[in-house]
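Accompanying notes for the structure given below.
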Amino acid sequence: MKNSFDDIYEVVRLIPHGRVSSYGAIAGYLGGKGGARMVGWAMNASHNDDTIPAHRVVNRNGVLTGKAFFGGNRMQELLENEGIIVKNDKIQNFKELFWSPTKELL
DNA sequence: CCCCTGACGGGCG
DNA sequence: TCGCCCGCCAGGG
């Protein structure tokens, strides 16, 4: 446990197929190692790592805030490819698709 | 060392 | 429900 970005990467990797999570949820699960911003920042750094499904991580509104970093609508396509409905850069049925590491991960 | 910015979140009017 | 402001942590100029 590097107690750093690796923690975030590990949690993101644990996100089930067809499910999504939020920056704040991951940050809260790690326990305020920083803020939700740090999670997104780590995601940026993880861009080199193609093993990190960063497209499954969105903000609390279920909006694909980081879709620009994927290039065009790449993030949306990846999500739709997993059966997730995205409308206007926003995940539909987000509440049900939401995967909380604190509650569902033990 | 100081100031600004950022894939965010919560509070308030 | 929408919009504005403040707080958190780290990096860059």
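Across B/dG6, C/dG11, B/dA7, the shortest atom-to-atom separation from the side chain of A/Trp41 is found for C/dG11.
Summarising the geometry, the separation between CG on A/Asn44 and C1' on C/dC9 is reported as 15 Å, rounded to the nearest angstrom. Whole-Å rounding puts the A/Phe69 CZ to B/dC8 C1' distance at 13 Å. B/dC8 atom C1' lies 12 Å from atom CD1 of A/Ile26, rounded to whole Å. Taking atom CE of residue A/Met43 and atom P of nucleotide C/dA10, one finds them 16 Å apart after rounding to whole Å. To the nearest angstrom, P of C/dC9 lies 14 Å from CG of A/Leu30. Here B/dA7 presents its P atom at 20 Å from NZ of A/Lys90, a figure rounded to the nearest Å. The CD1-P distance, from A/Ile8 to C/dC9, rounds to 13 Å in whole Å.
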Original post:
How does DNA chain C look in dot-bracket form if you count Watson-Crick and G-U pairs under 3.5 Å, write [ ] for pairs that cross, and put | where a base pairs with another strand?
Top reply: .||||||.|||||
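Nucleic acid contact class of A/His55 (heavy atoms, under 4.0 Å, all strands): none.
A 4.5 Å side-chain heavy-atom check between A/Leu78 and A/Arg56 finds every atom pair outside the cut-off. Residues A/Leu105 and A/Trp99 are in side-chain contact: their nearest non-hydrogen atoms beyond the backbone lie under 4.5 Å apart. Looking only at side-chain heavy atoms (C-beta outward), A/Gln76 and A/Asp89 come within less than 4.5 Å of each other. Counting heavy atoms from C-beta outward, A/Val58 and A/Thr65 have side chains that stay 4.5 Å or more apart. By the 4.5 Å heavy-atom criterion applied to side chains, A/Leu30 and A/Met38 are not counted as neighbours.
A/Ile85 CD1: 12 or fewer foreign heavy atoms inside a 6.0 Å radius. Few gaps surround CZ on A/Arg13; more than 12 heavy atoms of other groups in view lie less than 6.0 Å from it.
Look at the C1' atom in both C/dG13 and B/dA7: the space between them is 22 Å, to the nearest Å.
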**OP:** Under the side-chain contact (heavy atoms from CB on, under 4.5 Å) rule, what do A/Ser46 and A/Phe5 come out as? Steps first, then yes or no, please.
**Re:** CA-CA 8 Å; A/Ser46 76; A/Phe5 300 123; over 6 Å; no
Identify each atom pair where a protein N or O and an N or O of nucleotides 9-12 of chain B are less than 3.5 Å apart, giving names and distance.
from	atom 1	to	atom 2	distance (Å)
B/dG9	OP1	A/Gly24	N	3.1
B/dG9	OP1	A/Arg60	N	3.3
B/dG9	OP2	A/Arg60	N	2.7

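Distance alone, capped at 3.5 Å, is enough to place a donor-acceptor pair between the A/Tyr9 side chain and the A/Ala42 backbone.
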